[in-house]
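What follows is one structure encoded as structure tokens, with my remarks underneath.
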Amino acid sequence: MTEVNDYDGFARDYARNAETNPYNALYERPAILALAGEVTGRRVLDAGCGPGVQAAQLAARGATVTGVDLSADLLAIARTRSDGTFLQHDLTEPMPFADAEFDLVLSSLVMHYLADWVPTLREFHRVLVPGGRAVFSTHHPVMDLRAAGTDDYLGTYEWEEEWPRGGRTMRMRFWHRPLRAMFAAFEQSGFAVSRFVEPDPDPAMAESSPRDFANLSRRAQFLLFELVR
Ligand SMILES: C[S@@+](CC[C@H](N)C(=O)[O-])C[C@H]1O[C@@H](n2cnc3c(N)ncnc32)[C@H](O)[C@@H]1O
């Protein structure tokens with residue numbers, strides 16, 4: 001079983017922060033939803049759905065959403081946000097879904113929790129219809145170096161960070177890997193890369209959080225891929 005990090009104990013504080021935090025609301029979310037594109041009538045799997053903010057937005061755009069996550073407490077919050085199906089599941093394990101059950105897999109800021117991407121990507125591939133897409137965001141490996149305080153770009157290794165949430169500290173553990181390891185995992189899991197995005201912050205951030213806007217206009221924080229089955 002994968003390390004849960006502290007999501008269960010911090011579910012409410014994490015969920016409240018994720019809704020409005022500029023890095024989520026005005027940087028990652030607009031980018032992943034743009035990559036998801038038109039979802040009306042599509043069966044979408046939100047892998048690592050957390051508190052269900054993306055799931056609710058996908059449902060509002062006409063998708064039928066299934067969300068999975070390791071954290072029971074975050075899933076409970078996700079269920080209050082939309083009518084999708086939400087299941088507790090560890091993405092390092094085989095998924096409880098039939099082959100070709102989804103048109104789209106979306107995964108926001110989850111892959112950097114996984115030591116090995118290949119088994120999870122193979123499962124995404126299996127549950128997608130032929131021609132289906134997986135879109136996901138993850139830490140930019142350049143950002144990892146800055147945050148972990150190392151110059152080891154080419155290695156694959158775990159590093160730790162602490163997040164202040166609701167007056168307490170969430171301890172996070174992430175996996176760094178270089179771009180060549182990401183592309184090797186796509187190939188080993190049978191996916192072709194169709195789009196690669198290094199997002200810009202939403203222009204609204206310049207007004208609401210000028211310091212974050214300045215940082216994100218210079219420093220790559222996340223990157224996104226669209227993969228085709
Ligand atoms: C940064 S949060 C992102 C949540 C949500 N996708 C969002 O963008 O608001 C990372 C999520 O990944 C989940 N997670 C981490 N490792 C996981 C695993 N092995 N299986 C399933 N979920 C996992 C956590 O419980 C948490 O909800």
Side-chain angles (χ1 to χ4, degrees), residues 1-36 44-59 63 65-82 84-97 104-124 127 134-140 143-144 147 158-165 170-177 185 199 221-225:
M1 187 90 166
T2 311
E3 177 93 37
V4 182
N5 286 302
D6 283 343
Y7 278 105
D8 267 325
F10 286 80
R12 218 144 10 120
D13 290 324
Y14 173 77
R16 197 175 307 122
N17 180 281
E19 185 117 30
T20 54
N21 182 327
Y23 282 67
N24 296 101
L26 296 174
Y27 183 57
E28 193 277 337
R29 264 199 310 270
I32 192 95
L33 290 170
L35 212 44
V44 180
L45 173 66
D46 186 345
C49 62
V53 183
Q54 281 88 336
Q57 298 200 4
L58 293 162
V65 183
T66 301
V68 296
D69 201 280
L70 208 47
S71 163
D73 291 352
L74 286 178
L75 286 164
I77 295 172
R79 288 187 191 101
T80 67
R81 283 215 164 94
S82 62
T85 305
F86 294 97
L87 304 173
Q88 190 170 23
H89 172 72
D90 183 339
L91 287 168
T92 64
E93 305 284 341
M95 293 200 281
F97 305 119
L104 176 70
V105 176
L106 175 145
S107 185
S108 276
L109 301 176
V110 179
M111 297 301 282
H112 47 255
Y113 289 89
L114 308 181
D116 182 0
W117 282 11
V118 175
T120 305
L121 288 173
R122 283 195 175 138
E123 278 296 279
F124 290 175
V127 300
V135 296
F136 73 89
S137 58
T138 190
H139 281 172
H140 199 296
M143 165 261 174
D144 289 349
E158 221 174 0
W159 61 281
E160 292 193 12
E161 191 170 57
E162 293 189 341
W163 294 352
R165 290 289 181 276
M170 273 178 92
R171 277 191 315 100
M172 288 287 125
R173 242 189 235 173
F174 305 120
W175 282 89
H176 164 86
R177 80 204 71 228
Q221 182 83 8
F222 305 143
L223 52 75
L224 297 93
F225 291 99

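Both counts, for ligands and for their atoms, begin at 1 and track the order of listing.
Considering backbone and side-chain N/O atoms, Tyr7 never comes within less than 3.5 Å of an N/O atom of ligand 1. Any N or O atom pair closer than 3.5 Å counts here, and Leu114 shares no such pair with ligand 1. Below 3.5 Å of separation, one finds an N or O of Ser108 facing an N or O of ligand 1. Considering backbone and side-chain atoms alike, Pro51 places every N or O at 3.5 Å or more from each N or O of ligand 1. For the pair Leu109 and ligand 1, the shortest N or O to N or O distance does not fall below 3.5 Å.
Distance check: Leu26 CG to Asn21 CG gives 9.0 Å after rounding to the nearest 0.5 Å.
Using 4.0 Å as the threshold, His89 has a heavy atom nearer than that to some atom of ligand 1. Look at Val68 and you'll find every heavy atom at least 4.0 Å from all atoms of ligand 1. Under a 4.0 Å heavy-atom criterion, Val53 is not in contact with ligand 1.
For Arg79, the CZ atom sits in a packed shell: over 12 heavy atoms of surrounding residues, nucleotides or ligands are nearer than 6.0 Å.
Of all the heavy atoms of Asn24, none lies under 4.0 Å from any atom of ligand 1, so neither backbone nor side chain is involved. Counting heavy atoms closer than 4.0 Å to ligand 1, residue Cys49 contributes backbone atoms (N, CA, C, O) but none from C-beta onward. Within the 4.0 Å heavy-atom criterion, the part of Leu74 lying near ligand 1 is the side chain and not the backbone.
A donor and an acceptor atom, one from each side chain of Asp69 and Ser71, are nowhere located under 3.5 Å apart.
For His139, the ring-ring contact (aromatic ring centres under 6.0 Å, His included) criterion is met by His112, Trp159, Phe174, not counting sequence neighbours.
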